[in-house]
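Let me begin by presenting the structure, written as structure tokens, before commenting on it.
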Amino acid sequence: MTIDVKFFASLREKMGSDGQQLDLAGLETVQAVWDAATSNAEMPVNLLSAVNMEYVDLNSVVKDGDEVAFFPPVTGG
Amino acid sequence: MTIDVKFFASLREKMGSDGQQLDLAGLETVQAVWDAATSNAEMPVNLLSAVNMEYVDLNSVVKDGDEVAFFPPVTGG
Amino acid sequence: MNVIVTDKIFDPWQEVQRFQNDMQADGQFGACVTFIGTMRDFNENTDVQKMTLEHYPGMTEKHLAQIIDEAKQKWNILDAFIVHRVGDFKPGDPIVLVATWSAHRAEAYEANRYLIEELKSRAPFWKKETLKEGTRWVEHNTPA
Amino acid sequence: MNVIVTDKIFDPWQEVQRFQNDMQADGQFGACVTFIGTMRDFNENTDVQKMTLEHYPGMTEKHLAQIIDEAKQKWNILDAFIVHRVGDFKPGDPIVLVATWSAHRAEAYEANRYLIEELKSRAPFWKKETLKEGTRWVEHNTPA
């Protein structure tokens with residue numbers, strides 16, 4: 001299945017990329033998407049994740065075509 | 001001494017007057033000013049009183065030249 | 001002038017912008033909260049056609065300035081501004097503007113709320129409504 | 001449109017006036033509360049010269065619309081409006097406008113505060129400040 005991965009803000013700068021398309025096999029979680037997208041990089045404390053623009057936790061299961069985003073705490077307003 | 005009495009809003013309408021100058025003798029209170037200004041009319045519940053534009057209670061003593069105002073609960077804003 | 005009492009219709013957005021420009025505090029405030037009270041066409045389940053707002057000239061301004069001083073002592077705000085109209089109103093007309101500026105949002109919100117609650121309980125204004133069946137004095141403000 | 005995310009400088013007073021005119025609810029609301037967040041020239045005791053605000057297009061608008069829906073369920077408000085700018089800011093520039101309208105003041109205040117607190121904790125925006133000595137990402141918002 002294909003997953004669209006996105007990085008934002010300081011995480012985007014740290015990764016040197018705003019994301020990528022991943023091809024993953026079988027049942028996967030958000031944590032597995034992170035691991036695949038970052039070659040098992042250590043996950044920053046306070047990292048937030050969203051699937052299809054809704055906040056999720058790392059154990060959420062993703063499906064083909066999902067957009068999975070990772071980003072630091074939000075600071076708008 | 002001379003006291004400048006003022007009535008506002010529904011009280012002004014009820015009295016048919018926005019006030020008057022009173023000549024009073026000796027030490028007087030706000031209650032006494034009311035009595036003299038209204039010929040001992042019954043005082044409305046919730047009536048507010050001010051001397052020289054500061055809220056006071058009915059036992060406050062007035063002095064020559066004071067402006068004494070009576071009015072119903074305020075409803076601004 | 002932190003307090004304006006006027007018998008002319010006013011544009012609250014223009015007033016707050018003008019006051020803010022005059023503050024010359026750009027970059028110092030992170031938060032501005034405004035409250036605008038507007039005449040409704042109903043009150044206590046009755047249609048209201050017109051309203052007349054009476055005040056006690058002098059005492060009004062004095063107490064509005066006092067509550068602004070109190071708010072400045074209680075909260076770390078840069079400034080506060082009150083405009084209150086008197087005279088004859090039609091539904092939709094602005095009655096009062098309360099604006100507060102501070103570095104952080106909590107102070108601007110809390111001071112703003114304080115100002116309107118104190119204004120409503122202490123500033124000598126009185127509303128008289130014109131209904132279909134005649135007129136009535138508003139007897140008390142609704143509690144906060 | 002109850003939510004606007006724009007990369008252009010905006011005049012919060014013009015926006016709120018335009019939105020209120022479009023509501024065509026004159027006479028129905030007695031209270032309008034607005035919050036305007038503005039860029040300061042200091043943060044955490046350091047001078048800030050510029051700021052860049054990044055967002056997650058799509059997710060931002062979705063969550064701003066969600067919190068407005070929540071506020072409308074929690075409080076009896078007539079309407080609510082949020083404008084949030086992204087891109088490059090200089091001190092004094094408006095960042096965000098939150099406006100709420102209701103018949104009585106308590107609802108407009110409470111819904112307004114709810115909207116800005118939820119926006120700050122949930123809407124995907126990120127601030128990066130330019131200081132004299134370089135740049136820094138703002139790591140978290142100050143609590144309410």
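Please read these numbers as outputs of a predicted model, since none were measured by experiment. The figures that follow rest on heavy atoms only: side chains count, while hydrogens, waters and symmetry mates do not. First the proteins, then the strands, lettered A, B, ... as listed; each starts at 1.
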Select one option (side chain, backbone, both, neither) describing which atoms of [X] are under 4.5 Å from chain B's heavy atoms.
X      : answer
C:Q66  : side chain
C:K62  : side chain
C:T52  : neither
C:K128 : side chain
C:H63  : side chain

Residues B:V74 and C:N141: closest non-hydrogen pair is O-ND2, 3.7 Å
Is it the backbone or the side chain of B:E54 that comes under 4.5 Å from a heavy atom of chain C, or both, or neither?
both
Given a strict heavy-atom distance threshold of 4.5 Å, which part of B:N46 is in contact with chain C: side chain, backbone, both, or neither?
neither
Given 3.5 Å as the limit, does a donor-acceptor pair link the side chain of C:H84 with the main chain of B:G77, or not?
yes
Out of curiosity, B:S10 OG to C:E54 CD, how far, rounded to the nearest 0.5 Å?
9.0 Å
Nearest-0.5 Å distance, NZ of residue B:K6 to OH of residue C:Y56:
6.0 Å
Measure the shortest side-chain to side-chain distance between C:M59 and B:F71 over non-hydrogen atoms and say whether it is less than 4.5 angstrom.
yes
Aromatic plane relationship, C:W126 with B:F8 - under 30° parallel, 30 to 60° tilted, over 60° perpendicular
parallel
Please determine, among C:L119, C:V96, C:V138, the option with the most heavy-atom pairs under 4.5 Å with chain B.
C:V138
Can you confirm whether more than 12 heavy atoms, excluding those of C:E139, are under 6.0 Å from its CD atom?
no
